[in-house]
Amino acid sequence: MLQFQNTLTGKKEEFKPIKTGAVGMYHCGPTVYDYAHIGNLRAYVFADILRRVCELADLKVTQVINITDFGHLSDDADAGEDKMTKGLKREGKPLTLEAMRELADKYTKAYVENLKQMNIKLPTVMPLASEHIKEDVELIKTLEEKGFVYKTSDGLYFDTSKDANYGALSKKMVTAREAEGAQTRIGANLEKRNQRDFAVWKFNQNIGFQSPWGQGFPGWHIECSAMSMKYLGNTFDIHTGGIDHIPVHHNNEIAQSECATGQPLAHYWIHSAHIIINSEKMSKSLGNIFTLQTLIDQGIEPLAYRYWLLGAHYSTQMNLTIDSLKAAQTGYKKLLNIFAELGENPKGGENIKDENKPDEKYLNKFKEFVFDDLDTPKGLALIWDLTKDTTVDDATKRTTMLAFDSVLGLDFENFTKTKQNQQEIPRNIIDLMNLREIARKNKDWRRSDELRDEIFKLGYQIKDTEQGPSVKKI
Ligand code: AMP
Ligand code: ZN
């Protein structure tokens, strides 16, 4: 039985999919105005584990991670500068839509590369907020027709007092501390009817998209509502994000979606905890961030960071120290070596499962742990128990470790191979390949072909395989 801690009810609940044998999940994606920090990446490792666990439970997964390339203000609510504008200023770029797109492109590529470095499977769809303005406008129109929005001098706002259920998520929050003062950060805007009202569209005379209400940008919350419902339906199974999203972003998504459709947005809301450093949340605004590259520069491999993350439950706050990461890397390397010493399976490759079954007792135990709200710490402890168990032969151990790895994603089998391969391909080619993969995920075949041609002109040929695209020098 699969079960998850549901923020909406405050309880651990059995997972009952809307459609038998399938699951639809939406994860709030990055705002691509800068490199992701490793705290951000925890949210996506968590999403990846969730997806892999659902796959182990034989569910067909439709997974959506959006790319927020417009519309996210520095404050999660309506105050503060637009994050993309901030990024443009930081990089000395002009304030134009074109420059914004370039900025978004640069950091989207870097994000996809980070996902791959962390062995996070690419989602089924990665919609760009900028390509869903039409859907945002439609949703806002519905809310307007139903009387949920009003206009002020700087935008169109959702009237939270009209939604009797507003704040559904926070009501069930275990401690008020988790709100982390997000509500109080909302600057006092005297034109708002209620201070917790939020913008669904913000006017901007200089730059932005056209809308029936004036030029500007959609609100960050409406973007997620529009994209999640477009790809997963008005009601879908699971919605996730970091705990900072609970008080504002997710409450607002729920309010506007449910008032527009009259149906629940998602049945299960699951939230991952933060990475902190010296008792402070890792965040760009506090200037205490580590990127994956910072770790690599300190000799820590991305997958050692993944191993470190899996050592704690996703809902546990983790304090980052380089020493603890180094210790995790030592453990991870030891595990890789143990795996390597178990020898190549004589049948190899895809036959492994048929020819050599995983140890049933261990696999069942593993499932019991990870199906219970993704208990990866117990899953990791079990893999160590397995390595020490002299009653299990090497070939079975190997197959069982690979079965566990379908969830843990520590890449026992391919890690070294993939890394060597990637090092031979120049950075710009990998970047273009990553962009092409997003285009393919989004079924944008024209863009995908353009990118293939561009890669070809640079002297590399792409081959699409079942395991994903591979590239070689012509
Ligand atoms: P953002 O790009 O700011 O929208 O954040 C992307 C994801 O990272 C969200 O799910 C956040 O909740 C999450 N996040 C932000 N800071 C941290 C942190 N220090 N630790 C863990 N997750 C974080
Ligand atoms: Zn979102």
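Whatever order the structure lists ligands and atoms in, that order sets their numbers, starting from 1. As the structure is a computational prediction, the values presented were derived from the model and not from experiment.
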Is a side-chain donor or acceptor of [X] paired with a backbone partner of [Y] at a separation under 3.5 angstrom?
{"X": "R306", "Y": "G409", "value": "yes"}
{"X": "K109", "Y": "D431", "value": "no"}
{"X": "S324", "Y": "L320", "value": "no"}
{"X": "N288", "Y": "S283", "value": "yes"}

Which atoms of ligand 1 are found less than 4.0 Å from any heavy atom of [X]?
{"X": "A43", "result": "10 (O)"}
{"X": "D244", "result": "11 (C), 12 (O)"}
{"X": "K281", "result": "16 (N), 17 (C), 19 (N)"}
{"X": "M282", "result": "16 (N), 18 (C), 19 (N)"}
{"X": "Y44", "result": "6 (C), 7 (C)"}
{"X": "P30", "result": "2 (O)"}
{"X": "G242", "result": "10 (O), 12 (O)"}

Self-check item: Winner among G241, G39, S272, A273 once heavy atoms are compared against atom 23 (C) of ligand 1
Solution: G39
Exercise. Would you check if the Zn ion (ligand 2) lies under 2.8 Å from any N, O or S atom of H250?
Key: no
Self-check item: N, O or S atom of H245 closer to the Zn ion (ligand 2) than 2.8 Å
Solution: no
Exercise. Return yes if a side-chain donor-acceptor contact under 3.5 Å exists between Y107 and D69, otherwise no.
Key: no
Quiz item: Any luck finding a side-chain donor-acceptor pair between Q210 and Q215 under 3.5 Å?
Solution: yes
Exercise. Report the name of the N/O/S atom of E253 located nearest to the Zn ion (ligand 2).
Key: OE2
Exercise. Using distance alone, decide if ligand 1 has a nitrogen or oxygen within less than 3.5 Å of any nitrogen or oxygen in N40.
Key: yes
Exercise. Give a yes or no on whether a salt bridge exists between K333 and E301, defined as a side-chain N under 4.0 angstrom from a carboxylate O.
Key: yes
Practice problem: Look at the rings of F198 and H221 and say which category their plane angle falls in: under 30° parallel, 30 to 60° tilted, over 60° perpendicular. | Solution: perpendicular
Practice problem: Evaluate ring pair (Phe, Tyr, Trp, His ring centres under 6.0 Å) for H245 paired with W220, printing each intermediate quantity in order. | Solution: CA-CA 12 Å; H245 285 173; W220 172 41; 5.3 Å; yes
Exercise. To 10°, measure the SG(C224)-the Zn ion (ligand 2)-NE2(H249) angle for me.
Key: 110°
Exercise. Between H27 and ligand 1, find which residue part has any heavy-atom pair under 4.0 Å and reply side chain, backbone, both or neither.
Key: neither
